[in-house]
Amino acid sequence: MATTRAISRTLTAKTRQLQFVWRHKMMAENGQTTDGKAVEVIDAGLFNRRGKDPDFFNAKLKINGTLWVGNVSVMENASNWYLYGMDKDKAFDNVILAVVGNADTDIQNSRGDFISVMPMEVPQNVAKRYLMLASDQGQALCHQNVKENCTRLTTHAWLSAIQTERLEWQTEEIRRRAKEYGSWEAAYFVTIARTFGMGVNGDLIEQWATSMPMQVIEHHTDDLFQLEALFFGQAGLLDIETIPCQYHYNALNEGYFAKLRNEYLYLAHKYSLHPLDGMLWKPMGKGCNRNPHSAFSFLANMVYLRKISLQTMLACETAKEVTSLLEVSATPYWQMRSHFGAECKTCAKRLSEERLNLIVINAVVPMLFVYGRSKGNEVYCDRAFDIIEQCKAEKNAITKHWAQYGIKAETAGDSQALIQLQREYCDKCQCLRCRFGYEFLRGRTKIEGYRNLAIETDLFAELY
């Protein structure tokens, strides 16, 4: 007989608040079940983020003086138990307590046994500060008070945790590429290439990198001209329509564009390649190198000089060694041009220190980590953390924002943590999952100048 499963729940704002209060044991006092039994929370249990199955595993409670060990479910209304089919799901049979905002019914599991129901309120100070966080001023209020709310140890511990979280996220992407593209070498090449997308052309440059079989690239690593033809052609940049009109004459008169195009047409026919639409590329950054052309020039030379070799990278033990390995100049034609036919004396002739730093942080470090994990070699994993701590902190809008509130990124590990914090917690209003948000909700600091608050938890429904 098939097992009946509870349907997925859409958690209300009130439910999330109740889960938060239970998880951190922030209730004003010990609770009492609807039938008058005293509840003492010894261990709230392990929080289940998936939204399926009970909300907290292996909780330890004393109910009327008797120790119970089992799972706990938290919901806005007791009637949600039946609404979501938990009464028919055997996964909820070992729930020892249902914590609810509104005890509107008794509840039973699939065996017909009654489960203790404990009403719980969100403390007023927590609800009020929660409303603050959801307001237009909320994020600024939280950030302004981080240094006052959190000890240096708390701040360091939280940043270390989310640095690891970001690294895990990056490595999942690399693991996907290795599986999808057939090898770790291919995954490394794609990951390196993505760093040249500068957050603007990242997805497109990954599409470009995977549109050419690695065997084709490897077959031409001894010929820089053929690599350039292959790279520019596959990017769709050997179409005359992608060149601004004012540069058409020079581009055609120089002859290099035509030679690359002819070579690419031959290679495309030989390997049955289909180029991307060259009009899809967006400008990146400022100055002469804002066009994607310089990126393909650097990548072609990196491949030609065997700079993008996984095995060679794995032999490097420090950030300095990795940086030295990746140092490369633009190919001759692109040392004096920003576009086909467009001469420029200020073009970047070599990869900048900042660009090399970003490649190490966003490609080398996660590659080391995931490769070490997959091979069961902790030396590579430890080295990944060592190298990122040796890299300079990134300078961007996020790190500058946190610096004004006293959280300064000293190393690349810190800046990666702040990027993860801002993008995955602050920007997504995941305050209840954030250590800084938790400390703010505890109410250690007095918030001045905050008026016109109505404690209405329904206001959070759109945010959570």
Side-chain angles (χ1 to χ4, degrees), residues 11 13-29 44 47 49 120-166 393-464:
L11 299 184
K14 182 62 176 290
T15 297
R16 290 189 182 278
Q17 290 181 65
L18 290 167
Q19 288 179 342
F20 179 82
V21 171
W22 175 264
R23 181 183 177 189
H24 297 290
K25 297 198 287 188
M26 297 175 71
M27 58 284 285
E29 54 188 17
F47 183 46
R49 298 183 185 277
M120 184 179 73
E121 294 183 355
V122 177
Q124 189 175 16
N125 69 310
V126 174
K128 183 175 181 179
R129 284 175 175 261
Y130 190 20
L131 186 56
M132 288 180 186
L133 285 177
S135 73
D136 293 339
Q137 303 175 46
Q139 191 171 115
L141 283 168
C142 179
H143 295 185
Q144 287 168 9
N145 288 280
V146 165
K147 289 209 75 175
E148 190 171 347
N149 285 334
C150 303
T151 65
R152 188 173 181 179
L153 180 61
T154 298
T155 301
H156 177 74
W158 178 229
L159 292 181
S160 295
I162 52 179
Q163 177 193 334
T164 303
E165 182 181 291
R166 180 164 178 80
E394 298 149 279
K395 294 181 181 179
N396 52 44
I398 292 175
T399 56
K400 290 176 183 176
H401 167 81
W402 282 99
Q404 70 178 324
Y405 295 123
I407 309 298
K408 187 177 179 181
E410 302 291 344
T411 68
D414 295 335
S415 59
Q416 284 285 288
L418 291 175
I419 290 170
Q420 183 75 359
L421 173 64
Q422 189 67 43
R423 291 179 179 174
E424 297 301 318
Y425 290 85
C426 300
D427 293 350
K428 295 181 179 179
C429 297
Q430 293 295 310
C431 308
L432 298 187
R433 294 179 51 225
C434 175
R435 183 71 190 188
F436 294 162
Y438 162 72
E439 297 293 350
F440 179 84
L441 288 169
R442 286 182 65 187
R444 287 185 176 182
T445 54
K446 186 177 180 181
I447 305 300
E448 300 291 348
Y450 199 89
R451 297 174 294 177
N452 301 323
L453 280 176
I455 304 172
E456 300 174 4
T457 54
D458 288 345
L459 295 178
F460 302 113
E462 295 182 1
L463 292 173
Y464 293 93

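Along the sequence shown, the residues carry numbers beginning at 1. Nothing here was measured: the structure is a model prediction, and the numbers come from that model.
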Which heavy atom of [X] sits nearest a heavy atom of [Y], and at what distance?
X    : Y    : answer
C142 : F436 : SG-O, 3.9 Å
A409 : A393 : O-CB, 3.5 Å
E424 : Q430 : O-CG, 3.6 Å
A417 : I162 : O-CD1, 3.4 Å

Rounded to the nearest 0.5 Å, how far apart are [atom1] of [X] and [atom2] of [Y]?
X    : Y    : atom1 : atom2 : result
C150 : H156 : SG    : NE2   : 14.0 Å
T155 : I407 : OG1   : CD1   : 5.0 Å
L159 : W402 : CG    : CH2   : 8.5 Å
F20  : F47  : CZ    : CZ    : 10.5 Å
S415 : K395 : OG    : NZ    : 11.5 Å
C429 : R433 : SG    : CZ    : 12.5 Å

field: Q163: side-chain hydrogen bond (donor to acceptor under 3.5 Å, both in side chains) partners, not counting sequence neighbours
entry: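 Not a single residue meets the side-chain hydrogen bond (donor to acceptor under 3.5 Å, both in side chains) criterion with Q163.
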
field: Side-chain donor/acceptor of R435 to backbone N/O of T154, under 3.5 Å
entry: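 Such a contact is absent between R435 side chain and T154 backbone.
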
Donor-acceptor under 3.5 Å (T399 side chain, E394 main chain):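 Here the side-chain-to-backbone pair exists.
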
So, do [X] and [Y] sit near enough that their side-chain heavy atoms are less than 4.5 Å apart?
X    : Y    : answer
E148 : E439 : no
H143 : H401 : yes
L133 : F440 : yes
M132 : K128 : yes
V122 : K14  : yes
I398 : R423 : yes
L11  : Q19  : yes

message: Could you check whether Y425 and W158 have their ring centres less than 6.0 Å apart?
response: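 Close enough - the centres of the two rings lie under 6.0 Å apart.
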
- request: Kindly indicate, with the supporting measurements, whether the criterion side-chain contact (heavy atoms from CB on, under 4.5 Å) is fulfilled by Y438 and M26.
  value: CA-CA 10 Å; Y438 162 72; M26 297 175 71; 3.9 Å; yes

task: Quick one: which residue pairs count as a salt bridge (charged side-chain N to carboxylate O under 4.0 Å, His left out) with a foot in residues 403-415, not counting sequence neighbours?
output: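 Every candidate salt bridge (charged side-chain N to carboxylate O under 4.0 Å, His left out) pair involving residues 403-415 fails, so no pair, neighbours aside, qualifies.
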
